[in-house]
Amino acid sequence: MCGIAGIWSKSENKASSASLLEKMTQRQMHRGPDTGGVIQMGNVCLGHRRLSIIDLDSRSNQPMQDESGNFSLVFNGEIYNYEELKRELEKKYNTHFSTTSDTEVLLLGLKHEGQKFIEKLNGFFAFAFFDERKSELLIARDRYGIKPLYFTDDGGNFLFASELKSILQGIRERKIDQKSLFTYIQLSYIPAPNTIVQGVKKLEPGHLLKISTAGLIKKQYYKVHLPKNYKSDFSFNEFRHKLEKSVELRLKADVPVGTFLSGGLDSSIVSLIASRNTENLSAFSVGFPDQPFFDESNDAQRVAKQLNLEHHVLQLTETDIDSEVGNILDSFDEPFADSSAILVNLVSKFARQHVKVVLSGDGADEIMGGYNKHRAILRSLDKNFVNFFLRSGSHALGLFPESRSKAGLNQIRKLRRYAKGLRLPLRDRYEQWASFTEKGLVNDLLKGSEEGHDLHLSIDPEDFNSILKADVQLVLANDMLHKVDLMSMRHSLEVRVPFLDHKLVDYLFTIPASEKIDKKTGKNIMRKAFEKDFPPQFFAKGKKGFEAPLVHWLAGPLKNIRKDLLDEDLLRKQDLFNPDVVKT
């Protein structure tokens, strides 16, 4: 786990490239505080910051080169099947290894097999591999976007890095991308390949990019596939076995490993499996002593007691937020408005005091239909009186107050949102329920006339798995995983996601959606597979996301920031937003 950066320079000024790369690498010190390095081969510079997790020996430091010095690698991530791949390379090519690291396996695998080797990797990664003989640079990102990779090509230099703030070291003129600004206000994040900065891109999940004197070639090496015919011989035990195998793989480390535990279904099941394969497993949770509506720490405590975990609870108060909010906002490379990022940041800082690696339940909701919007979409497809009534009388719901911070008013908010969506075609319904702000309001807020980016959603009304696939491509990669990587790596904490083992994901997309999700209970497949491991009341709880008491914070510890940023004079000076609409 680490931060990577690099430059492909079209100029001959090697000293300038090396100096810039040093700055880019230093901006990612938090991603890899243990060691760092920079190398230069011709017109290519590679830089690295290391967080040592597997093979702590200095021989595994990066950038790493083979014996000939012709092949070089910088790598961010973990390859969980590296031992299996190592044996395969030794047998097939009589390869000699000088370390026990997954980095060397990746380096020599790419040396022998090129980009085809990527398809054999089980793990998460962003890497850059340079073949000096061909003068060719290969960069790639993992299948689901667990690890980030930014790049820009200004005609003189091709730059890449793990974080946007690193790329910005090499950009003289920074301009806001207006389409991305619209999309950000709509979704609360900016999907790949776009960023808030004109000319800077994110490499999409499951893609690789080749850079040579011939130019840039981008290729997709992986995508979620929906079969024509779904499995009829589905087994809950088979699903359970694949998940257990995935968790076991992700416990490999030469440092202590823990889990994030919210008390919900996903993190509890990951903690259950991990506890059966690890002694004295630590679990980390967040509590809100001042806000009981958001506090799930008691649920987490019950699970931790049942599993005999060493449980650590971070009790967050408004004072904690007040003291940390400046640091948290500095963590963001570009606008990002998922308020749970604040919680991930603070619990990551808390967990890092005890461990270097944690397992999380991220990804389960997207691949198995765990969100409220999934059950809402299923219910919206029913031709019944309730839907007819709400579709025709949704305007009346506007007479009632709503709020995210109180149970009753939150139900009114959800009902109003549901009723509005019923009047839309399924694709637009999904987009609206996946959005934070309706497009009409975005248009009113922004002074520019640019519409947002096309989200490229492919929704099949006859196949609910297409909704889940859209979530994997849109929400998972650009919101959930981006949030976790940025917030955890600020504190040099590696977060592993067992639900996103590609063998498990591919398997789950061969199963009909009806086996995975139920209109009432959500992720039915999880309940069925693990119903004997938890008491019945555990599964009776409703779905509750990892949410922050944002309304209260905006009136309390975030009050001054809110006032400063929404100041009418500042808004007029920025000339991006309509101040009257903002005030409303």
Side-chain angles (χ1 to χ4, degrees), residues 1-7 16-40 45-64 72-78 101 103 124-128 139 141 146-152 157 159-171 174 195 197 200 202 253-255 324-334 336 341 344-358 481-495:
M1 185 60 59
C2 52
I4 64 173
I7 302 173
S16 176
S17 294
S19 175
L20 173 57
L21 186 62
E22 285 284 359
K23 293 178 183 177
M24 292 172 63
T25 307
Q26 285 299 312
R27 288 295 282 138
Q28 300 183 127
M29 180 77 75
H30 53 280
R31 298 187 71 92
D34 294 336
T35 61
V38 171
I39 59 170
Q40 186 160 11
C45 290
L46 299 178
H48 188 267
R49 291 299 319 178
R50 185 183 183 198
L51 177 65
S52 305
I53 301 294
I54 292 177
D55 188 356
L56 309 184
D57 193 280
S58 61
R59 291 177 303 170
S60 295
N61 290 345
Q62 299 180 49
M64 183 179 283
S72 307
L73 176 74
V74 285
F75 161 51
N76 172 23
E78 304 288 353
S101 70
T103 304
F124 60 155
F125 51 84
F127 68 77
I139 68 173
R141 190 179 180 196
I146 301 170
K147 291 289 109 182
L149 194 53
Y150 294 81
F151 68 92
T152 186
N157 289 320
L159 310 179
F160 69 87
S162 295
E163 294 188 2
L164 179 58
K165 63 172 69 73
S166 184
I167 292 278
L168 291 179
Q169 303 306 303
I171 297 179
R174 305 171 186 178
T195 73
V197 182
V200 181
K202 305 180 186 97
D254 296 325
V255 295
E324 289 285 348
V325 69
N327 294 329
I328 292 169
L329 292 176
D330 284 343
S331 301
F332 297 121
D333 283 344
E334 60 182 343
F336 185 75
V344 176
N345 189 307
L346 293 171
V347 76
S348 294
K349 180 181 180 181
F350 180 59
R352 186 61 177 86
Q353 299 169 19
H354 304 271
V355 297
K356 259 189 172 181
V357 178
V358 294
L481 296 177
H482 174 69
K483 167 185 65 184
V484 171
D485 174 79
L486 209 57
M487 298 297 97
S488 61
M489 290 308 295
R490 179 175 177 83
H491 303 291
S492 308
L493 180 74
E494 177 177 306
V495 179

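Computation of the quantities below employed the complete heavy-atom set of this structure, encompassing side-chain atoms and omitting hydrogens, waters and symmetry-equivalent molecules. Note that the structure is a prediction, hence the values are computed from the model and not measured.
- Nearest heavy atoms, Val344 versus Met487: CG1-CB, 3.7 Å.
- In this structure, the side chains of Asp485 and Arg31 come closer than 4.5 Å at one or more pairs of heavy atoms.
- In the displayed structure, Lys349 atom NZ is contacted under 6.0 Å by at most 12 heavy atoms of other residues, nucleotides or ligands.
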*asked:* Show, in sequence, the C-alpha distance, side-chain angles and deciding distance for Lys202 and Asp333, and conclude whether the salt bridge (Lys or Arg N to Asp or Glu O under 4.0 Å) test is met.
replied: CA-CA 12 Å; Lys202 305 180 186 97; Asp333 283 344; over 6 Å; no
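- Contact detail for Phe75 and Phe124: the closest heavy-atom pair is CE1-O, 4.4 Å.
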_One pair to check against side-chain contact (heavy atoms from CB on, under 4.5 Å): Met24 and Ile7. What are the steps and the verdict?_
CA-CA 10 Å; Met24 292 172 63; Ile7 302 173; 4.1 Å; yes
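- With hydrogens and angles ignored, the 3.5 Å screen pairs no side-chain donor or acceptor of Asn76 with any backbone N or O of Gly3.
- Considering Leu486, Val200, Thr152 in turn, Val200 is the only one that fulfils the side chain to side chain contact (heavy atoms under 4.5 Å, CB included) rule with Leu164.
- Between atom NZ of residue Lys483 and atom CZ of residue Phe332 there is a gap of 10.0 Å, rounded to the nearest 0.5 Å.
- Here the shortest heavy-atom pairing between Gly170 and Leu159 reads CA-CD1, 3.9 Å.
- The shortest non-hydrogen separation linking Ser17 to Gln40 is CB-NE2, 4.4 Å.
- Remark: Glu22 CD to Leu20 CG distance equals 10.0 Å, nearest 0.5 Å.
- No side-chain heavy atom of His30 sits under 4.5 Å from any side-chain heavy atom of Ser331.
- Looking only at side-chain heavy atoms (C-beta outward), Gln28 and Lys165 stay at 4.5 Å or farther from each other.
- Two residues are said to be in side-chain contact when any heavy atoms from C-beta on lie closer than 4.5 Å; Val355 and Leu493 meet this criterion.
- Ring orientation note: the planes of Phe350 and His354 are nearly perpendicular, at an angle over 60° on the 30°/60° scale.
- For the atom pair Leu21 CG and Gln169 CD, the distance stands at 11.0 Å (nearest 0.5 Å).
- In this structure, the separation between CE on Met489 and OG on Ser348 is 10.5 Å, given to the nearest 0.5 Å.
- Atom OG of residue Ser72 and atom NE2 of residue His48 lie 13.0 Å apart, to the nearest 0.5 angstrom.
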*asked:* Set out, in order, the CA-CA distance, both residues' side-chain angles and the distance that settles side-chain contact (heavy atoms from CB on, under 4.5 Å) for Asn61 and Asp34, then state yes or no.
replied: CA-CA 10 Å; Asn61 290 345; Asp34 294 336; over 6 Å; no
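- For Arg141 (side chain) and Lys147 (main-chain N/O), a donor-acceptor pair under 3.5 Å exists by modelled atom type.
- Interatomic distance, CZ of Phe160 versus CZ of Phe151, reported as 12.0 Å (0.5 Å rounding).
- For Ser162 (side chain) and Ile4 (main-chain N/O), a donor-acceptor pair under 3.5 Å exists by modelled atom type.
- Without hydrogens or angle criteria, Arg490 side chain to Asn345 main chain gives no donor-acceptor distance under 3.5 Å.
- Taking both residues in full, the closest heavy atoms of Ile167 and Ala161 are given as CD1-N, 3.8 Å, listed atom of the first, atom of the second, then distance.
- Here the side chain of Arg27 pairs no donor or acceptor atom with the backbone of Ser166 at under 3.5 angstrom.
- For the residue pair His482/Glu334, the side-chain donor-acceptor check at 3.5 Å is not satisfied.
- Minimum heavy-atom separation, Met64 to Ser101: CE-OG, 4.0 Å.
- In this structure, the side chains of Glu163 and Pro148 stay at 4.5 Å or more apart for every pair of heavy atoms.
- With hydrogens and angles disregarded, a donor-acceptor distance shorter than 3.5 Å links the side chain of Arg352 to the backbone of Ser492.
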